[in-house]
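One structure is given below, encoded as structure tokens.
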Amino acid sequence: QEIYKAYVNRFINKRIATVPQEEYQIVKDCHGWHMSDRTNNKVSINTVTFFMNKQPPTVLNKIIRRVIQEEKFSDDI
């Protein structure tokens, strides 16, 4: 969901969204897919999931580790 929010902020709301490099690759892939047919290809959470599943396992592990670290950090506060 965070990757989808970053996509919406960056390409729909035209706001700068800062995301890690691994997540940016997914956002970029989603936008490239949308640009190939702007009327029919609408990005949704399912589209983000589809492009996440195409990523190599090492990239997904980095994303998972970062999310777990953020959750631990927020729980400590």
Side-chain angles (χ1 to χ4, degrees):
Q1 286 182 336
E2 295 300 319
I3 298 173
Y4 177 70
K5 288 179 188 176
Y7 175 84
V8 169
N9 283 335
R10 174 71 179 94
F11 293 108
I12 297 175
N13 297 334
K14 306 292 185 207
R15 289 190 223 141
I16 296 176
T18 305
V19 293
Q21 184 177 1
E22 295 83 16
E23 294 179 17
Y24 179 73
Q25 184 61 45
I26 297 169
V27 170
K28 188 174 143 185
D29 291 345
C30 289
H31 190 62
W33 175 78
H34 167 70
M35 293 303 289
S36 66
D37 184 2
R38 294 175 77 166
T39 56
N40 295 323
N41 293 348
K42 301 295 181 187
V43 175
S44 67
I45 194 76
N46 293 331
T47 308
V48 173
T49 304
F50 173 77
F51 283 104
M52 280 184 75
N53 289 334
K54 288 182 132 188
Q55 299 298 311
T58 54
V59 170
L60 295 176
N61 283 334
K62 285 181 184 178
I63 293 172
I64 291 168
R65 271 191 259 124
R66 187 190 55 75
V67 168
I68 290 172
Q69 282 288 350
E70 285 180 357
E71 288 177 355
K72 283 182 181 178
F73 181 73
S74 66
D75 288 345
D76 291 343
I77 294 177

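Sequence positions, counted from 1, serve as the residue numbers for this chain.
For the residue pair Cys30 and Val43, the shortest heavy atom distance occurs at O-CG2, 3.7 Å. Glu22 and Val59 make their closest contact through CB-CG1, 3.7 Å (heavy atoms, listed as atom of the first residue, atom of the second, distance). Between Trp33 and Lys42, the closest heavy-atom pair is CZ3-O, 3.5 Å.
For the atom pair OH of Tyr7 and CD1 of Ile26, the computed distance is 14.0 Å after rounding to the nearest 0.5 Å. Once rounded to the nearest 0.5 Å, the distance linking CD of Glu2 with CD1 of Ile63 reads 12.0 Å.
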Name the atoms and distances for all side-chain donor-acceptor pairs under 3.5 Å in residues 48-55, with sequence neighbours left out.
{"residue": "Thr49", "atom": "OG1", "partner": "Ile45", "partner atom": "O", "Å": "2.9"}
{"residue": "Asn53", "atom": "ND2", "partner": "Thr49", "partner atom": "O", "Å": "3.3"}
{"residue": "Gln55", "atom": "NE2", "partner": "Asp29", "partner atom": "OD2", "Å": "3.3"}
{"residue": "Gln55", "atom": "NE2", "partner": "Phe51", "partner atom": "O", "Å": "3.4"}

For residues 10-21, which side-chain donor-acceptor pairs fall under 3.5 Å, sequence neighbours excluded?
{"residue": "Asn13", "atom": "ND2", "partner": "Asn9", "partner atom": "OD1", "Å": "3.4"}
{"residue": "Lys14", "atom": "NZ", "partner": "Phe11", "partner atom": "O", "Å": "3.3"}
{"residue": "Arg15", "atom": "NH1", "partner": "Asn9", "partner atom": "OD1", "Å": "3.4"}

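Neither Tyr24 nor Leu60 shares a network with the other; the hydrophobic side chains, linked directly or stepwise wherever heavy atoms of I, L, V, M, F, W or Y lie under 4.5 Å apart, form separate groups for each.
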